[in-house]
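Residue numbers begin at 1 in each chain, while the letters A, B, ... track the order of the sequences.
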2 protein chains.
Amino acid sequence: MTASTRLQTTATQEVHLLGRFTPQRAIVLEALIEAEEEDGFVSAQSLHARLLSADLPVGLSTVYRTLSALAEAGRADVVRDMHGERLFRYRPGSDHRHYLICTECGVSLPLDAVAVEKWAAGIARTSGFTAVRHTVELTGICPDCGPSAGGSPQG
Amino acid sequence: MTASTRLQTTATQEVHLLGRFTPQRAIVLEALIEAEEEDGFVSAQSLHARLLSADLPVGLSTVYRTLSALAEAGRADVVRDMHGERLFRYRPGSDHRHYLICTECGVSLPLDAVAVEKWAAGIARTSGFTAVRHTVELTGICPDCGPSAGGSPQG
DNA sequence: CAAGAGTTGGTAATGATTGTCATAATCTAT
DNA sequence: ATAGATTATGACAATCATTACCAACTCTTG
Ligand SMILES: [Mn+2]
Ligand SMILES: [Mn+2]
Ligand SMILES: [Zn+2]
Ligand SMILES: [Zn+2]
């Protein structure tokens, strides 16, 4: 079983969470899973462009719809980059995660955010608000992109 | 000394942090301070509209420039609403703050986020990343907008 | 096959934000 | 105060992600 086949299998299974199975949804989900392993977060626009250049012409509308549905179903994390553009990342598990993202290269590091979850839960309990949700994102410059790593890291 | 005069005094002093003093910058800063006391966060668009209807026709470009400069100078907090629009809030102090914002009416509640600050500082220290910054926003439905306070609670 | 519900994708519309640049205002040095 | 250098303003156009629209298409069911 090739890596490509394994991806397709995963995608085929999970697409049903969004309703009817369609080739387009499978393609988008596959691409999102691939992107997670390679680049971390991806935008709808860049994912669409990637599909076009891979001769998998899925409509931009469908890419947006599928990614939004995945996020809605809790199968993708969503963050906003410095320009307000929405970035998506496939999430295998069921709990949401928080990330430290390099503003230079986009590499993302999943964080242990137990402390934040507890803090947010406490706020939700004591504030009087209901349906409390939270957005927690860390950004910075990763070691590879940092000052002491300019141009050629180890040569 | 009227409340209006007090606002103008504050604005006049702080405008200098942005460079040259101009009437437009003072107007925008005043409006931002007023908005903080009334509505909490405001968008550049709504602030601009408010100025127009108050016969203080400051250009939209200038509103954007001034609010961005204030945020850059650390005199305003910035969050993104559900649609990605940027919302600004004047910040008297020098430390940034985090808020719990009602998605229905927009009322905002400043939070004690010491736990989050420590957590974020720990990540910054142990991750290898530099220039680490964080975004932490809580959203929910405030007591006034909640289920037991809706249009006709008991009916 | 026929009807109905769901899906796609091209295109147009939306709407916030930014770029441009001629004009106007502010600051500084005389 | 005045001239000149510097900076700011604002009308307008451009950008660009996202959404709305809708006719054509694909299943499923009977
Ligand atoms: Mn969380
Ligand atoms: Mn903080
Ligand atoms: Zn990096
Ligand atoms: Zn409310």
Side-chain angles (χ1 to χ4, degrees), chain A residues 11-12 14-32 35 41-73 76 78-89 106, chain B residues 11-32 35 41-73 75-76 78-89 106:
Chain A
T12 299
E14 303 228 350
V15 161
H16 292 293
L17 295 175
L18 308 183
R20 203 175 268 179
F21 172 90
T22 69
Q24 290 90 342
R25 287 176 174 172
I27 289 172
V28 171
L29 183 49
E30 275 180 46
L32 184 65
F41 285 92
V42 287
S43 68
Q45 296 284 350
S46 65
L47 201 63
H48 178 244
R50 189 178 306 199
L51 293 179
L52 287 190
S53 58
D55 276 302
L56 296 169
V58 178
L60 179 59
S61 303
T62 298
V63 173
Y64 269 104
R65 277 191 295 247
T66 304
L67 291 178
S68 296
L70 285 170
E72 189 70 20
V78 185
V79 301
R80 281 187 190 282
D81 71 5
M82 139 188 50
H83 305 317
E85 190 175 358
R86 278 161 35 132
L87 305 181
F88 299 82
R89 173 168 175 164
Chain B
T12 299
Q13 295 169 332
E14 303 224 357
V15 162
H16 292 292
L17 295 176
L18 309 183
R20 283 184 183 171
F21 174 91
T22 69
Q24 290 89 343
R25 285 175 173 172
I27 289 173
V28 171
L29 182 50
E30 277 181 45
L32 184 65
F41 285 91
V42 287
S43 68
Q45 296 284 350
S46 64
L47 201 65
H48 177 245
R50 188 178 306 196
L51 293 179
L52 289 190
S53 57
D55 277 301
L56 296 169
V58 178
L60 180 59
S61 302
T62 299
V63 174
Y64 269 104
R65 278 190 294 245
T66 304
L67 291 178
S68 296
L70 284 170
E72 188 70 20
R75 309 306 312 186
V78 186
V79 301
R80 283 187 189 279
D81 71 4
M82 141 190 46
H83 307 317
E85 190 175 0
R86 275 156 42 124
L87 305 180
F88 299 83
R89 173 168 177 164

Phosphate-side-chain proximity, [X] and [N], N/O vs OP1/OP2 below 4.0 Å:
X	N	answer
B/Thr62	D/dG10	yes
A/Arg65	D/dT18	no
A/Arg20	D/dT26	no

Quick one: [X] [atom1] to [N] [atom2], roughly how many Å, whole number?
X	N	atom1	atom2	result
B/His48	C/dT17	NE2	P	13 Å
B/Glu85	D/dA17	CD	C1'	14 Å
B/Leu47	C/dT17	CG	P	12 Å
A/Asp81	C/dT17	CG	C1'	13 Å
A/Tyr64	D/dC21	OH	P	18 Å
A/Leu67	D/dA17	CG	P	14 Å
B/Arg80	D/dT18	CZ	C1'	13 Å
B/His16	C/dC27	NE2	C1'	12 Å

Out of D/dT9, C/dT17, D/dC12, whichever nucleotide has its closest atom nearest the side chain of B/Arg25: D/dT9

Side chain of B/Gln45 - closest among C/dA16, D/dT18, D/dA20: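 Output: C/dA16.
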
Position toward the 5' end of DNA chain C (nearest nucleotide), B/Pro23 or A/Gln24: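 So the residue in question is A/Gln24.
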
Toward the 5' end of DNA chain C, by each residue's nearest nucleotide, B/Ser68 or A/Leu60: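 Residue closer to the 5' terminus by nearest nucleotide: A/Leu60.
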
Smallest separation among heavy atoms of A/Val42 and A/Ser46, with atom names: CB-OG, 4.0 Å

Salt bridge present between B/Glu14 and B/Arg75 (N-O < 4.0 angstrom):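 Judged by the 4.0 Å cut-off on N to carboxylate O distance, B/Glu14 and B/Arg75 do form a salt bridge.
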
Under 3.5 Å side-chain donor-acceptor pair for B/Thr62 and B/Gln24: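 Absent: no donor and acceptor within the cut-off.
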
Any donor-acceptor N/O pair under 3.5 Å between C/dG6 base and A/Thr22 side chain: no

Identified side-chain hydrogen bond (donor to acceptor under 3.5 Å, both in side chains) counterpart of A/Tyr64 within the set A/Arg86, A/Gln45, A/His48: A/Gln45

B/Arg25 (side chain) donor-acceptor with B/Arg20 (main chain) under 3.5 angstrom: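 Yes; at least one donor-acceptor contact below 3.5 Å.
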
